[in-house]
> 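Below are the structure tokens for one structure; questions will follow.
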Amino acid sequence: MGKQDKEFVKEITPRSQDYSQWYLDVVLKAQMMDYAPVKGCMVIRPYGYALWENMQQGLDRRIKDTGHQNAYFPLFIPESLLQKEADHVEGFAPEVAWVTHGGNEKLTERLVVRPTSETIICEMYSRWIQSYRDLPVLINQWCNVVRWEKVTRPFLRTTEFLWQEGHTAHRNEEEAEEETRKMLEVYRDFVENDLAVPVICGQKTEKEKFAGALRTYSIEALMSDGKALQAGTSHNLGTHFAKVFDITYLDSDGELKYVWQTSWGVTTRLIGAIIMVHGDDRGLMLPPKVAPIQAILIPITPKKARKQVLSKAAEIFAVLKESGLRIEMDDREEYSPGWKFNEWEMKGVPLRIELGPRDLEAGQAVLVRRDNGEKETVALSELTQYIPVLLEKIQTNMYQKAKQFMEENTHRTDDYQEFKQIMEEKRGFLVAGWCGCVECENAVKEETKATIRNIPFHLQQEDPGRCIYCGQDGKHLVIFARAY
RNA sequence: CGGGGUGUAGCGCAGUUUGGUAGCGCACUUGGUUUGGGACCAAGGGGUCGCAGGUUCAAAUCCUGUCACCCCGACCA
């Protein structure tokens, strides 16, 4: 490892040299995406999309396990609907795409391409909900949304992106709050266990919360360059939308009441998180649970042994595939083994299986881990049992490494000078006291570019000390970071 | 949306200062030899120089405009 690595992946800019360029090299060279002819839009290529599909699967299962159903609402939203909720429209107006014509005819009412679906879903909920017996409504949709962003980056911020948005309606505040927190926990479980990305759960400040929400909670992850990435959000919408859209129900006490609502979402941005948390100078490193290819089988085929090796490799490949492993075999003859090793490492495949003449004689295969480069030989007869265990180890190790990185790059301070210095030099998460006023929040952002990522749940019981900026009594311990 | 940068073959670049037949490396195609960490030889194919105007006998090169992408800031998932 070390020097040698860099020679092997000459197409990828080292992270230390230019992190942004490294990220772009990786997503392009690993064929996760390509730029599309529309500004700010990208094509998610098959390899990237396969990753997204695996992610969808893991999350969709969790969403359904918690009682939600999938549905699909329209892409277009009438202007009048979007404008019903004042905060909401104010939040999204600058970044919506407008549809003004149908064919050659000008529309009597402009349509927006959904930036999120609260309004159109509320419109429907107001028709569907009459009685407390209709509650809760627990619906999720997987779809695309469009936000006309000024600056875009592949996966992290694109004009159009894919996501899931859950929208629920409840009888009262308690149920809505429980739902909001429950789904945040679903996200945490999914992101930490399937994506091996550790996160901090907490509440967003007033300034950072969703446009139109009562409260917003988030999971925040730390990228390997020390910048934070909001990985998922869950909103308690209160009764704001219900009042505007007239979503009422007759309760068991005979009173007409407004429903309490929630919404929650994660996006293809999570792919960016995977890349920036796990990737290294060799390229991608994908967690086994969601990797499109979990293991790549590479037969080593010198001429005299080609036939024997290939036939054995095909046999092993079939058995492993049958066992449920997402495995591919690279038996292309026009590339050398070394070339293939580098190629598949760049694409982040968690496990490489080498099978050559020497292995054949010994009745074994060589397994090489992407996460730590360790090599071991395993008897062919043991592969089916052993590989799933090894993949699990890789998954765990990737999470542990990321967790350790996050902990090592989380600093606590009550000294603003030190705060500024850390933010300038090391970045990472900074835990500090905050008085709760937006002036201090803004001032810190102005002076250090760091924002309050969230007010972490796990620090709620601790003494917040003094506000990092004004020195008054602290109200909360919060996490500051520069963010994507 | 402000400041800076880059657009020449699929990718990375040279050529632009000083206008004169569009080049190099990798990749690609064919044939052959190779194969345990990016193999080698030989012969090939591929570009209206981002786009649109203009100046000129002549434009990748000079002028104007425009678009896209990248970096640094203000807004967001």
Side-chain angles (χ1 to χ4, degrees), chain A residues 1 4-13 18-21 23-25 28-29 31 34-42 90-96 115-116 145-165 187 204 207-211 216 218-221 228-235 263-273 282 298-306 309-310 331-346 352 354-360 365-366 368 373 375 377 445-446 449 451 482-484:
Chain A
M1 305 282 279
Q4 260 186 331
D5 298 29
K6 284 174 191 165
E7 289 173 23
F8 290 141
V9 279
K10 47 185 178 274
E11 294 126 346
I12 297 176
T13 307
D18 184 342
Y19 196 85
S20 289
Q21 194 57 52
Y23 178 81
L24 292 165
D25 287 348
L28 283 165
K29 302 276 159 56
Q31 302 190 339
D34 199 359
Y35 288 102
V38 184
K39 181 180 160 68
C41 292
M42 65 173 177
E90 198 181 315
F92 284 104
E95 54 182 22
V96 295
T116 177
V145 289
V146 167
R147 298 182 188 175
W148 218 260
E149 299 288 349
K150 306 220 163 93
V151 180
T152 58
R153 283 162 69 93
F155 295 111
L156 299 177
R157 187 182 302 111
T158 47
T159 302
E160 178 187 7
F161 57 91
L162 306 184
W163 75 348
Q164 101 356 258
E165 49 178 327
Y187 289 155
K204 284 287 188 184
K207 174 181 155 69
E208 301 277 339
K209 77 179 184 185
F210 176 72
T216 292
S218 74
I219 52 173
E220 302 282 334
L229 186 75
Q230 180 172 300
T233 48
S234 184
H235 317 288
S263 70
W264 25 272
V266 301
T267 77
T268 34
R269 170 182 270 192
L270 282 176
I271 293 173
R282 293 183 162 211
I298 300 181
I300 314 290
T301 55
K303 204 166 193 177
K304 323 99 207 172
R306 180 171 301 157
V309 172
L310 281 179
D331 56 4
R332 291 176 293 180
E333 292 194 0
E334 60 271 31
Y335 293 105
S336 69
W339 190 93
K340 293 177 186 173
F341 296 167
N342 286 293
E343 178 72 5
W344 292 108
E345 277 169 7
M346 183 190 62
R352 177 170 81 240
E354 299 173 23
L355 186 75
R358 296 205 293 273
D359 301 312
L360 225 55
V366 177
V368 186
K375 253 185 209 195
T377 55
K445 183 176 183 184
E446 185 82 17
K449 296 173 198 156
T451 49
R482 290 190 188 169
Y484 275 100

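Just so you know, these numbers use all the heavy atoms, side chains as well, and skip hydrogens, waters and symmetry mates. Protein chains get the first letters and strands the later ones, always in sequence-line order, with residue 1 at the start of each.
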> Give a yes/no answer on whether the side chain of A/Y19 brings an N or O atom under 4.0 Å of OP1 or OP2 in B/C70.
no
> Hey, does A/G40 reach any base, or is it just sugar-phosphate, or nothing, if we go heavy atoms under 4.0 Å?
sugar-phosphate
> Which base sits across from B/C40 as a Watson-Crick or G-U pair, both distances under 3.5 Å?
B/G32
> Would you say that A/V145 contacts A/P115 through its side chain, given a criterion of any heavy-atom pair below 4.5 Å between the two side chains?
no
> For B/G73, give the paired nucleotide (Watson-Crick: N1-N3 plus N6-O4 or O6-N4; G-U: N1-O2 and O6-N3; both under 3.5 Å), or none.
B/C1
> Give none if B/A68 has no partner; otherwise give the nucleotide forming a Watson-Crick or G-U wobble pair with it, both distances under 3.5 Å.
B/U6
> Pairing check on B/C24: which nucleotide meets the Watson-Crick or G-U wobble criteria with it, both distances under 3.5 Å?
B/G12
> May I ask you to check whether over 12 heavy atoms, not counting those of A/W148, lie within 6.0 Å of atom CH2?
no
> I'd like to compare against my own output: the B/S/- annotation of nucleotides 43-50 of chain B with a strict under-4.0 Å heavy-atom distance to protein.
--------
> Identify the nucleotide, in any strand shown, that forms a Watson-Crick or G-U wobble pair with B/U17, with both distances under 3.5 Å; if there is none, say none.
none
> Just one of A/L310, A/D359, A/L360 clears the side-chain contact (heavy atoms from CB on, under 4.5 Å) bar with A/P299, so which one?
A/L310
> Look at all strands and tell whether A/P37 reaches a base, only sugar-phosphate, or nothing, counting heavy atoms closer than 4.0 Å.
nothing
> Looking across every strand, which nucleic acid part, if any, lies under 4.0 Å from A/T267 by heavy atom: base, sugar-phosphate, or nothing?
base
> For A/Y35 and B/A68, what is the distance between atoms OH and C1' respectively, to the nearest whole Å?
11 Å
> How close or far is atom C1' of B/G73 from atom NZ of A/K449, stated in whole angstroms?
8 Å
> Using purine N1 to pyrimidine N3 plus N6-O4 or O6-N4 for Watson-Crick, or N1-O2 and O6-N3 for G-U wobble, both under 3.5 Å, which nucleotide pairs with B/C49?
none
> Are A/R157 and A/Y484 in a cation-pi setup, meaning NZ or CZ lies under 6.0 angstrom from the ring centre and within 45 degrees of the ring axis?
no
> Which is true for A/V145 with a 4.0 Å heavy-atom rule: it touches a base, it touches only sugar-phosphate, or it touches nothing?
nothing
> Does B/U56 have a Watson-Crick or wobble mate here (both distances under 3.5 Å), and if so which one?
none
